[in-house]
> 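There's a structure below that I have some questions on.
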Amino acid sequence: MGSKGTFQMPVQELAGALGTPDVPAQYIARAHEEQQLAAVVVAPVPVIDLVRLSKHGDGTSDEAAKLRSAIKSFGLFMVSSHGIDAVMDNMMAASREFFRQPLEEKQRYANLNGGERFQFEGYGNDWVSSPDKIRDWTDRLYLKVEPEDERSIALWPAHPETFRNALHEYTKKCGEVKDDVLRAMAKLLELDDDDYFGEHFGEKPLTDVRYSYYPVCPRPELVFGLKPHSDATVVTVLMVDDRVGGLQVLKDGVWWDVPIVPHTLLMIIGDQAEIMSNGIFKSPVHRVVTNTKKERLSVALYYYVDPEREIEPSAQLVNEKRPALYSKVNVKDYFARSYNAFTEGKMVIDTVKI
């Protein structure tokens, strides 16, 4: 995307400069009536042991039962026994160090070409369609990590020195976890091919990473760290901050807090999986809230089908009792529409429901 944009002070800098208990008007997103929907309970998000899940190939284990329940209810779950604790620690440490760098250093990787042409990749604010649109209380670093030959290495932070190696290794290891879980998900659908999702990624599947930094906020009840949305992915693998919560998921009209379990990977079902499963799997609406005392950092890997492909409900999941619930979708078009919908606070998946 080369949309016109203007430089905005990073929220991290803004938060440090505020001398009053107020936040600028362009960040005020929540009215008093919305505050009544504040989360009051912790979501019962299961922790699934990846070793046990992978050991039982018939999809009948206790772990498979937990997975089935999770993706049909809240649409997210945590994965343990993945064997990448040290890799996660290295990635989080490098991420924290990047956002501690002086502004001048971080702006070497800015997402505004020439100070005004917005691009997906890079450091800065999220794009908004017009100056009067409400902004989220977050700064981000957004990078393409797969296909590897399409990486814009110039936008990968060189400082701290460990950042690039940490991201490469983290991407590699999380991809292996993702593959194992998607095979288990295909088994739950009782599809002929356990690698159904893997094969439908295509020749050049897309993987992006988003580092989201949420500074402390003097009026967290008025802002969103990240506005309500669903992910346009097949699946999202999220490493959340193990020091402070903030992620919430919507279910039955109530916002639920997503708990923190250190050294687990949080996996979120995306729109593409919902479409391909003909609605059996649900892509949850989720958001991030801030607080007055602690900054928060998360690292999300987004896994998409090859943008040149089309997706639709699996033929094995369409019958007279359950007709196709979604139209065929061009992935590149859906991806573009999803980003515009996100800036508008809308759910793009609603546009492809039959």
> Does some side-chain heavy atom of I84 sit less than 4.5 Å from a side-chain heavy atom of L265?
yes
> In chain order, what residues pass the salt bridge (Lys or Arg N to Asp or Glu O under 4.0 Å) check against K144, with sequence neighbours excluded?
E150
> Please identify which of these residues, Q248, H229, K251, meets the side chain to side chain donor-acceptor pair (under 3.5 Å) condition with H286.
H229
> Under a 4.0 Å threshold between the charged nitrogen and the carboxylate oxygen, would K332 count as salt-bridged to E308?
yes
> For the backbone of F99 and the side chain of Q12, can you confirm whether one donor and one acceptor N or O come within less than 3.5 Å of each other?
yes
> Less than 4.0 Å between a side-chain N and a carboxylate O, is that true for D306 and K204?
no
> Return yes when atom CD of E161 has more than 12 non-hydrogen atoms of other residues, nucleotides or ligands closer than 6.0 Å, and no otherwise.
no
> How long is the span from the NE2 atom in H82 to the CE atom in M88, to the nearest 0.5 Å?
4.5 Å
> Using atom types as modelled and distance alone, determine if a side-chain donor or acceptor of R164 lies under 3.5 Å from a backbone N or O of W156.
yes
> Which heavy atom in G225 sits nearest to a heavy atom in T138, and how many Å separate them?
O-CG2, 3.3 Å
> Is there side-chain contact between Y123 and P10, with heavy atoms separated by less than 4.5 Å?
yes
> Parallel, tilted or perpendicular for F163 and Y211, by the 30°/60° rule?
tilted
> Do the side chains of D241 and R96 get close enough for a salt bridge, i.e. N-O under 4.0 angstrom?
yes
> Using atom types as modelled and distance alone, determine if a side-chain donor or acceptor of S277 lies under 3.5 Å from a backbone N or O of F281.
yes
> Take T351 and R337 through the test side-chain hydrogen bond (donor to acceptor under 3.5 Å, both in side chains) and record every step on the way to the result.
CA-CA 10 Å; T351 67; R337 283 192 287 152; 3.1 Å; yes
> Under the 3.5 angstrom rule, does the side chain of N278 hit a backbone N or O of P323 as a donor-acceptor pair?
yes
> Determine, for D126 against R140, whether the closest basic-nitrogen to carboxylate-oxygen distance falls under 4.0 angstrom.
yes
> Considering non-hydrogen atoms only, spot the tightest contact between N90 and A166 and give its length.
O-CB, 4.1 Å
> Without swapping roles, check the side chain of K227 against the backbone of F224 for a donor-acceptor pair under 3.5 Å.
no
> Quick one: does any side-chain atom of K66 pair with a main-chain N or O of V47 as donor and acceptor, under 3.5 Å?
yes
> Give the C-alpha distance, both sets of side-chain angles, the deciding distance and a yes or no for side chain to side chain contact (heavy atoms under 4.5 Å, CB included) between K328 and I311.
CA-CA 6 Å; K328 182 181 289 188; I311 58 172; over 6 Å; no
> Any donor-acceptor pair under 3.5 Å linking the side chain of D231 with the backbone of T233?
no
> Between E221 and R219, does at least one N-O distance fall below 4.0 Å, as a salt bridge requires?
yes
> Can you list the residues that meet the side-chain hydrogen bond (donor to acceptor under 3.5 Å, both in side chains) rule with R183, with sequence neighbours excluded?
D180
> Under a 3.5 Å distance rule, please check whether Y109 uses its side chain to pair with a backbone N or O of A158 as donor and acceptor.
yes
> Between D193 and D195, is there a donor-acceptor pair closer than 3.5 Å when you use the side chain of the first and the backbone of the second?
yes
> Using a strict cut-off of less than 4.0 Å between a Lys/Arg side-chain nitrogen and an Asp/Glu carboxylate oxygen, indicate whether R108 and E105 qualify as a salt bridge.
yes
> Among all residues two or more places apart in sequence or in another chain, which pass the salt bridge (Lys or Arg N to Asp or Glu O under 4.0 Å) test with D350?
K353
